[in-house]
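Notes for the one structure printed next.
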Amino acid sequence: DEAAGNSTAVSDEVSARISVAPTPTVVLSCTDLGGAGGACGSGDLLTVNVSASVSVLTPIISEIIGPLSMTSQAQMTIH
């Protein structure tokens with residue numbers, strides 16, 4: 001399935017670009033704007049959510065504030 005292959009490629013690319021964050025979670029979702037239903041395709045909205053828990057490198061500060069939860073979201077219309 002081409003849509004599943006493209007989703008895997010997007011997820012792999014995002015994970016590679018944020019490799020400095022330990023164990024990032026990448027979630028892809030597609031909103032059907034074209035009304036065709038089925039797999040994500042032309043005219044639909046692709047959303048990429050990335051989250052990771054990051055600890056500060058300094059041990060004393062890390063103990064005080066604990067891990068930081070970082071999240072980001074990007075959206076694009078598929079053409």
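Since we're looking at a predicted model, the values are computed, not measured. Note that the numbering runs from 1 along the sequence shown for the chain.
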side-chain contact (heavy atoms from CB on, under 4.5 Å) with I64: which residues, sequence neighbours excluded?
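I64 satisfies side-chain contact (heavy atoms from CB on, under 4.5 Å) with I60 once adjacent residues are dropped.
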
side-chain contact (heavy atoms from CB on, under 4.5 Å) with E63: which residues, sequence neighbours excluded?
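Scan of E63 (side-chain contact (heavy atoms from CB on, under 4.5 Å), adjacent residues dropped) gives none.
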
Name every donor-acceptor pair, under 3.5 Å, that has one atom in a side chain of residues 72-79 and the other anywhere in the protein, sequence neighbours excluded.
from: Q73; atom 1: NE2; to: N49; atom 2: OD1; distance (Å): 3.0
from: Q75; atom 1: NE2; to: T47; atom 2: OG1; distance (Å): 3.3

Kindly give the heavy-atom pair with the smallest separation between S53 and P67, and that separation in Å.
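S53 and P67 have their closest heavy atoms at OG-CB, 3.3 Å.
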
Least distance between heavy atoms, D44 atom then D32 atom:
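It is OD1-OD1, 3.1 Å.
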
